[in-house]
Amino acid sequence: MSGQCETTAKKSAGAEMDFFERYLSIWVFACIIAGIALGHRFPALFQQAGAMEVAQVNPPVAVLVWLMILPMLLQVDFHALHEVRRHMKGVGITLLVNWATKLLSMALPGWLFIQALFADWLPGDQADSYIAGLILLAAAPCTAWCSSGAA
């Protein structure tokens with residue numbers, strides 16, 4: 001069951017959200033502040049971690065992404081996968097929205113903000129990378145949201 005379905009089922013059954021889910025925004029904000037503070041306190045450590053690379057992938061980032069996605073993957077009901085064919089319309093709509101509409105709809109704001117509004121503030125040779133990052137970010141909230149169980 002997805003995080004959103006699970007939360008909706010709990011809500012309809014009259015169950016309260018647990019402490020972590022209720023204050024998820026505060027936890028995220030606290031982690032951002034902690035990350036900024038640690039980066040200022042130990043800049044060399046974070047520069048070393050940022051410089052690590054294996055097959056053009058940063059291992060600390062790869063581990064953290066998997067830690068974010070793993071809870072969602074653990075909620076997959078593998079016994080129900082054989083029923084996917086019965087729900088192809090829903091699967092198709094989900095794929096269209098998550099991998100076409102969201103990504104394409106982020107391309108225009110990416111171009112607007114990176115190429116037009118903030119072009120003078122960013123290194124010119126990295127503008128395309130920033131736009132690509134914004135487009136990929138359009139898909140990221142779904143992953144983070146669902147894996148937290150607080151969707």
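Positions are given from 1, in the same order as the sequence printed here.
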According to side-chain contact (heavy atoms from CB on, under 4.5 Å), who are the partners of L64, at least two apart in sequence or on a separate chain?
L67
Which heavy atom in M52 sits nearest to a heavy atom in P60, and how many Å separate them?
SD-CG, 3.9 Å
Excluding sequence neighbours, so at least two apart, what forms side-chain contact (heavy atoms from CB on, under 4.5 Å) with D128?
Q115
What residues, two or more places apart in sequence or in another chain, satisfy side-chain contact (heavy atoms from CB on, under 4.5 Å) together with P123?
D125, Q126, Y130
Same cluster for V61 and W66 if Ile/Leu/Val/Met/Phe/Trp/Tyr side chains link at under 4.5 Å?
yes
Listed partners of W121 passing ring-ring contact (aromatic ring centres under 6.0 Å, His included), at least two apart:
F118
One should read off an interatomic distance between D18 CG and L24 CG, to the nearest 0.5 angstrom, of 10.0 Å
Shortest non-hydrogen separation from A127 to I114 and the atoms involved:
O-CG2, 3.6 Å
For Y23, give me all partners under ring-ring contact (aromatic ring centres under 6.0 Å, His included), at least two apart in sequence or on another chain.
F19
Who else is in F46's hydrophobic cluster (ILVMFWY, side-chain heavy atoms under 4.5 Å, direct or via others)?
L38, F42, L45
Correct closest heavy-atom pair for N58 and A49 would be ND2-O, 2.8 Å
Are L96 and V91 connected in a single hydrophobic cluster, I mean Ile/Leu/Val/Met/Phe/Trp/Tyr linked by side-chain heavy atoms less than 4.5 Å apart?
no
For V57 and A62, work out which heavy atoms get closest and say how close.
CG1-CB, 3.9 Å
Find the distance between NE2 (H87) and OG1 (T94) and round it off to the nearest 0.5 Å.
11.5 Å
Do V28 and I33 sit in one hydrophobic cluster, given that two such residues count as connected whenever their side-chain heavy atoms are within less than 4.5 Å of each other, even indirectly?
no
